[in-house]
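Just so it is clear: chains get the letters A, B, ... in the order the sequence lines come, proteins before strands, and each one is counted from 1.
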Amino acid sequence: MKVSKPRGTRDFLPEETARRRNVENIMRQVVTKWGYKEVITPTFEHLELFTLKSGEGVVGELYNFSDKGNRDMTLRPELTAPVMRMYVNEMQAMSRPLKLFYFENCFRYERPQKGRFREFWQFGVEVIGSNRADADAEIIALATNMIEAAGIKGDLHVGHLGIIRHILKDTEDEQKSKIMRLVDKKDDEGLDNYFEEINAPAELRRNLLELICLSGSDAIAKAREILGDIEEIDKFEELLTLLDAYEIDYNVDLSIARGLDYYTGMVFEIYAEGLGAQNQICGGGSYQLISLFGGGDVPSTGFGVGFDRIMEICEIQPPKENKVVIVATDDTRTDAIKVATKMRNELTVYIDIMKRNFKTQLSHANNIEADYAVIVGKKEIESGKLTVKNMQSGEQLQLAIEEAIQLIKSN
RNA sequence: GCCGGGGUAGGGUAGCGGUUAUCCUGUAGCCCUGUGGAGGCUACGAUCCGAGUUCGACUCUCGGUCCCGGCCCCA
C-alpha cells in the first residue's frame, strides 16, 4: 500500500531543497547585516494565543488538536503572535529596540491553490519597542532589500491606517471594520452600496473616496487638503521622507487596510507578477499586540515574507561545486577510501558502494555529472600518483593527492 | 465551504466495453572487472480508491480522494 503525503504539503527533492536553502541563506545574510537576530519558537502553541490575536473565527483555518492532557493546541499558523508571546514571557527586560527575525514553517487548514499550501514557510522580521517612523522606514527598507536580494522585482505599496481611521473616528466599530474591509478589497461598488445602506454622511463618503485614490508625490498635500493638519499625516510624511533617503520606490496607497484591529499606523504590502491570484509576497506594518498577551504597552513593527511564493518566481541557482568520483578496483578499495577521506577535507567526493566494476563506476560518474573522476587503481598505488580525469574534456593527468586537490579546487 | 479541469509504471505518454495494456525515458544487471557518454540483450515497474451498471469495466455512472486553476478567506 502506497502512502501519499498529506494534502497541501510538499516533498522537496535534492535540487529544489538546495535552491530553497540557498535563497533562504541569502535572505538570512541580508537581515543579519541589518543587525537582526534569529529566534525559534515552538511548532505548536496553545490555541488561545491565536484566538486572542485573530478571534475565534480563525479556528476553522487552524491545524488544532487536543493533546493527551486535554489541552487545546494548534500548529502555528504564523509567527508574529509566537514571537510577541516570547517577548512577553522572556524578553521584557532587554534593551530596546529588539530586532528579531525568524524563518519557519507554518500550517493553515486551507484549500490549496497556486502559491498557497497547508504547510508553508514564512520569513519574518519584527522590531519591538519603537513607534517611530524611523522603525517603520527601516522595516520597509529591509523588506525591500530582502526581496531584491532574492532577485525579485516587487511592487511596494505603503499606507497609513491612522489617516483612514481619522476619517472614520465617529463611525461605530462594526461599520468601521466593514468599511475597512471593503476599502482593502478595492470594492468601490460594494463600498457605495454600504454607504447607502448605513446612510453615511456625504462628507465622509467624499473624503474617504478621495483619500483612497491618492497616489504619487502630491498625495500628502492632497491628504492635508482633505483632512487638515493631523498628526498621522505628519508621521506618514516623515516616513516617506525616510524612504526617499533609503532610495526606495514606493506607491502611496491609503487603501491598504490589512484587516485586523491591532495594526496601528504604517501598513505596507509588496506584490509580484507570475503568481496568479496569490500575488502578495510580503506584508507588514506597525502594530500593538504585546498588551494583548499580558505585556506592557510596547509598540512593534514588522513584516512577513511568503517564502514559497518567492521561490515560485525566484530564478537564482545555488553555486555549483566540483563533484569528484573516486574510481577503484576490487583490490584497491581500501586505498580508495583513504584517498576519499583525505580529499573530503576540501572537496565533495563520491565513492562506489555498489561493488561495481571499473567501467561501471566511471559510467556512474558520468551519469551523476561528476566534474572529475579520480582513479585509484593498482598502477596509481604503485606509482604514488593518482589519475585525475576531467569528465568534460576527457583529459587525464597523473598527480600526487595534494596536486589533485589543488587542481580540482581551482577549476 | 463553493465552482471548473484533471488522475494509465519513478517521469512523460498511447489505447479500447473483451489486448499478454502501447511507446519513450528511468533504474538494476549483462554484452564489457583499467576508462564514461553510443548500441544490443534481460529484468523491474502502472490503469487513484470504493460502489454500481454489465457475461465482462482502465474504458460507462455515482461517491470519495489527490493534483491544477479560481471564488471565499487571507493573521
Asks: For B:rG39, give the paired nucleotide (Watson-Crick: N1-N3 plus N6-O4 or O6-N4; G-U: N1-O2 and O6-N3; both under 3.5 Å), or none.
Replies: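 Pairing partner: B:rC31.
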Asks: Now, which nucleotide makes the Watson-Crick or G-U wobble pair with B:rA9, with each of the two distances under 3.5 Å?
Replies: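 For B:rA9, the partner nucleotide comes out as none, under the 3.5 Å rule.
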Asks: Name the closest nucleotide to the A:Thr387 side chain, picking from B:rC74, B:rU33, B:rU35.
Replies: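 Looking only at heavy atoms from C-beta outward on A:Thr387, the closest nucleotide is B:rU35.
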Asks: Please give, in whole Å, the distance from B:rG36 C1' to A:Asn366 CG?
Replies: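 Spelled out: CG on A:Asn366 to C1' on B:rG36 is 5 Å.
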Asks: Can you tell me the distance, in whole Å, between the CD atom of A:Glu45 and the C1' atom of B:rA75?
Replies: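 To the nearest whole Å, that distance equals 14 Å.
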Asks: Between B:rU27 and B:rG45, how many Å separate the two C1' atoms, rounded to a whole number?
Replies: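 That atom pair is separated by 10 Å.
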Asks: Going by purine N1 to pyrimidine N3 plus the second Watson-Crick contact, or the G-U wobble pair, all under 3.5 Å, which nucleotide sits opposite B:rA57?
Replies: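 In the structure as shown, B:rA57 has no Watson-Crick or wobble partner.
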Asks: Once you apply a heavy-atom cut-off of 4.0 Å, does A:Ser54 come out as touching a base, just sugar-phosphate, or nothing?
Replies: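 A:Ser54: base contact, heavy atoms under 4.0 Å.
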Asks: What is the distance, to the nearest angstrom, from the CZ atom on A:Phe358 to the P atom on B:rU33?
Replies: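 Spelled out: CZ on A:Phe358 to P on B:rU33 is 13 Å.
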Asks: Between B:rU47 and B:rU33, how far apart are the P atoms? Round to whole Å, please.
Replies: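 Result for the P pair: 37 Å, nearest Å.
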Asks: Any side-chain donor paired with an acceptor under 3.5 Å for A:Asn145 and A:Tyr246?
Replies: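 No - no donor-acceptor pair under 3.5 Å links their side chains.
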Asks: For nucleotides B:rC60 and B:rA14, find the distance between their P atoms and express it as a whole number of Å.
Replies: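 It comes out at 15 Å once rounded to the nearest Å.
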Asks: For B:rG36, does either OP1 or OP2 sit under 4.0 Å from a side-chain N or O belonging to A:Lys359?
Replies: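 True: A:Lys359 side-chain N/O within range (under 4.0 Å) of B:rG36 OP1/OP2.
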Asks: Counting heavy atoms from C-beta on, name the nucleotide in B:rG70, B:rG34, B:rU33 closest to the side chain of A:Gln113.
Replies: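 Among B:rG70, B:rG34, B:rU33, the one nearest the side chain of A:Gln113 is B:rG70.
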Asks: Touch check for A:Lys379, heavy atoms < 4.0 angstrom, all strands: base, sugar-phosphate only, or nothing?
Replies: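 Base contact.
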Asks: Given the P atoms of B:rC3 and B:rG11, what is the spacing between them in whole Å?
Replies: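 Each nucleotide's P atom is 30 Å from the other's.
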Asks: Distance check, rounded to the nearest 0.5 Å: A:Thr43 atom OG1 versus A:Glu104 atom CD?
Replies: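 Separation between the atoms: 6.5 Å.
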Asks: Is there a side-chain polar atom (N or O) of A:Arg181 under 4.0 Å from OP1 or OP2 of B:rC74?
Replies: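 A:Arg181 to B:rC74 OP1/OP2: side-chain N or O found under 4.0 Å.
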Asks: What distance do A:Phe117 atom CZ and A:Asp308 atom CG have between them, rounded to the nearest 0.5 Å?
Replies: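 Reported to 0.5 Å precision, the distance equals 6.0 Å.
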Asks: Rounded to whole angstrom units, what separation is found between the CG atom of A:Asn390 and the C1' atom of B:rG36?
Replies: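 Result: 12 Å.
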Asks: What integer number of Å spans the P atoms of B:rG10 and B:rG64?
Replies: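 Going atom to atom, P in each nucleotide, I get 27 Å.
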Asks: For B:rA28, does OP1 or OP2 lie under 4.0 Å from any side-chain N or O of A:Arg356?
Replies: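 Affirmative; the distance criterion is met.
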Asks: Using a distance-only test with no angle check, is there a side-chain donor-acceptor pair under 3.5 angstrom linking A:Glu395 and A:Asn390?
Replies: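 No, no side-chain donor-acceptor contact under 3.5 Å.
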Asks: Need one value for A:Gly285: base, sugar-phosphate or nothing, where a base atom within 4.0 Å counts as base even if backbone is also close, heavy atoms only.
Replies: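 Here A:Gly285 touches no strand at all.
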Asks: Whether the side chain of A:Gln361 and the base of B:rU35 hold a donor-acceptor pair under 3.5 Å is what I'd like checked.
Replies: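 No, no donor-acceptor pair under 3.5 Å.
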Asks: Using distance alone, with no hydrogens and no angle criterion, decide if A:Thr360 and A:Asn357 have a side-chain donor and acceptor under 3.5 Å apart.
Replies: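 Per modelled atom types, A:Thr360 and A:Asn357 side chains form a pair under 3.5 Å.
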Asks: Rounding to a whole Å, what distance do you find between A:His364:NE2 and B:rU33:C1'?
Replies: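 Those two atoms, NE2 and C1', are 17 Å apart.
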Asks: Which base, if any, makes a Watson-Crick or G-U wobble pair with B:rG1, both distances under 3.5 Å?
Replies: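 Pairing partner, where one exists within any strand: B:rC71.
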Asks: Hunt down the Watson-Crick or G-U wobble partner of B:rG50, both distances under 3.5 Å, from any strand shown, or write none.
Replies: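 Here B:rG50 is engaged in a pair, and the nucleotide opposite it is B:rC62.
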Asks: Please figure out whether A:Arg7 or A:Ala277 has its closest RNA chain B nucleotide nearer the 5' end.
Replies: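 The residue whose closest nucleotide sits nearer the 5' end is A:Arg7.
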Asks: Looking at the side chain of A:Leu62, which of B:rU35, B:rA75, B:rG70 is the nearest nucleotide?
Replies: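 Nearest to the side-chain atoms of A:Leu62, counting from C-beta on, is B:rA75.
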Asks: Given atom CZ of A:Arg118 and atom P of B:rC68, what is their separation to the nearest angstrom?
Replies: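 After rounding, the gap between these two atoms is 12 Å.
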Asks: Taking the P atom in each of B:rA43 and B:rU59, what is the distance between them to the nearest angstrom?
Replies: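 Taking atom P in both B:rA43 and B:rU59, they lie 29 Å apart.
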Asks: Does A:Glu61 reach a base, just sugar-phosphate, or nothing at all? Heavy atoms under 4.0 Å.
Replies: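 The residue A:Glu61 makes base contact.
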Asks: So what does A:Tyr262 hit on the nucleic acid, given a heavy-atom distance under 4.0 Å: a base, only sugar-phosphate, or nothing?
Replies: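 Sugar-phosphate contact only - A:Tyr262 comes under 4.0 Å of backbone atoms but never of a base.
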Asks: Within this structure, what is the OH-to-P distance between A:Tyr263 and B:rA75, rounded to whole angstrom?
Replies: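 Computing the A:Tyr263:OH to B:rA75:P distance gives 6 Å.
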Asks: Please state whether the phosphate of B:rC73, meaning OP1 or OP2, lies under 4.0 angstrom from any side-chain nitrogen or oxygen of A:Lys185.
Replies: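 A:Lys185 to B:rC73 OP1/OP2: side-chain N or O found under 4.0 Å.
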Asks: Are A:Phe103 and A:Phe307 an aromatic pair by the rule of ring centers under 6.0 Å?
Replies: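 Under 6.0 Å, so yes.
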Asks: Between A:Phe120 (CZ) and B:rC74 (P), how many Å, whole number?
Replies: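 Rounded to whole Å, this separation is 14 Å.
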Asks: Contact class for A:Gly55 vs. all strands (heavy atom < 4.0 Å): base, sugar-phosphate, or nothing?
Replies: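 It contacts nothing in the nucleic acid.
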Asks: Could you check whether the side chain of A:Glu110 and the base of B:rG1 have a donor-acceptor pair of N or O atoms closer than 3.5 Å, going by distance alone?
Replies: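 A donor-acceptor contact between them is absent.
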Asks: Do any side-chain atoms of residues 325-339 of chain A form donor-acceptor pairs under 3.5 angstrom with protein atoms, and if so which ones, sequence neighbours left out?
Replies:
from: A:Thr329; atom 1: OG1; to: A:Asp331; atom 2: OD1; distance (Å): 2.7
from: A:Thr329; atom 1: OG1; to: A:Thr332; atom 2: OG1; distance (Å): 3.0
from: A:Asp330; atom 1: OD1; to: A:Arg333; atom 2: NE; distance (Å): 3.1
from: A:Asp330; atom 1: OD1; to: A:Arg333; atom 2: NH2; distance (Å): 3.1
from: A:Thr332; atom 1: OG1; to: A:Thr329; atom 2: N; distance (Å): 3.0
from: A:Thr332; atom 1: OG1; to: A:Thr329; atom 2: O; distance (Å): 3.2
from: A:Thr332; atom 1: OG1; to: A:Val376; atom 2: O; distance (Å): 2.7
from: A:Arg333; atom 1: NH1; to: A:Asp352; atom 2: OD2; distance (Å): 3.1
from: A:Arg333; atom 1: NH2; to: A:Arg356; atom 2: O; distance (Å): 3.2

Asks: Suppose you measure atom P in B:rC24 against the same atom in B:rG40; what distance do you get, rounded to whole Å?
Replies: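 Comparing P positions in B:rC24 and B:rG40 gives a spacing of 10 Å.
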Asks: I'd like a table of donor-acceptor pairs (distance under 3.5 Å, sequence neighbours excluded) in which one partner is a side-chain atom from residues 265-274 of chain A, with atom names and distances.
Replies:
from: A:Glu269; atom 1: OE1; to: A:Tyr271; atom 2: OH; distance (Å): 2.3
from: A:Glu269; atom 1: OE2; to: A:Arg258; atom 2: NH1; distance (Å): 3.1

Asks: Using heavy atoms to find the nearest nucleotide of RNA chain B for A:Asn367 and A:Glu269 separately, return the residue whose nucleotide is more 5′.
Replies: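 It is A:Asn367, whose closest nucleotide lies nearer the 5' terminus.
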Asks: Provide the distance between the two C1' atoms, one in B:rC55 and one in B:rC67, to the nearest whole Å.
Replies: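 One C1' to the other, the span is 36 Å.
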Asks: Does any N or O donor sit under 3.5 Å from an N or O acceptor when you compare the side chain of A:Arg111 with the base of B:rG70?
Replies: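 Looking at the base of B:rG70, it does pair with a donor or acceptor on the side chain of A:Arg111 (distance under 3.5 Å).
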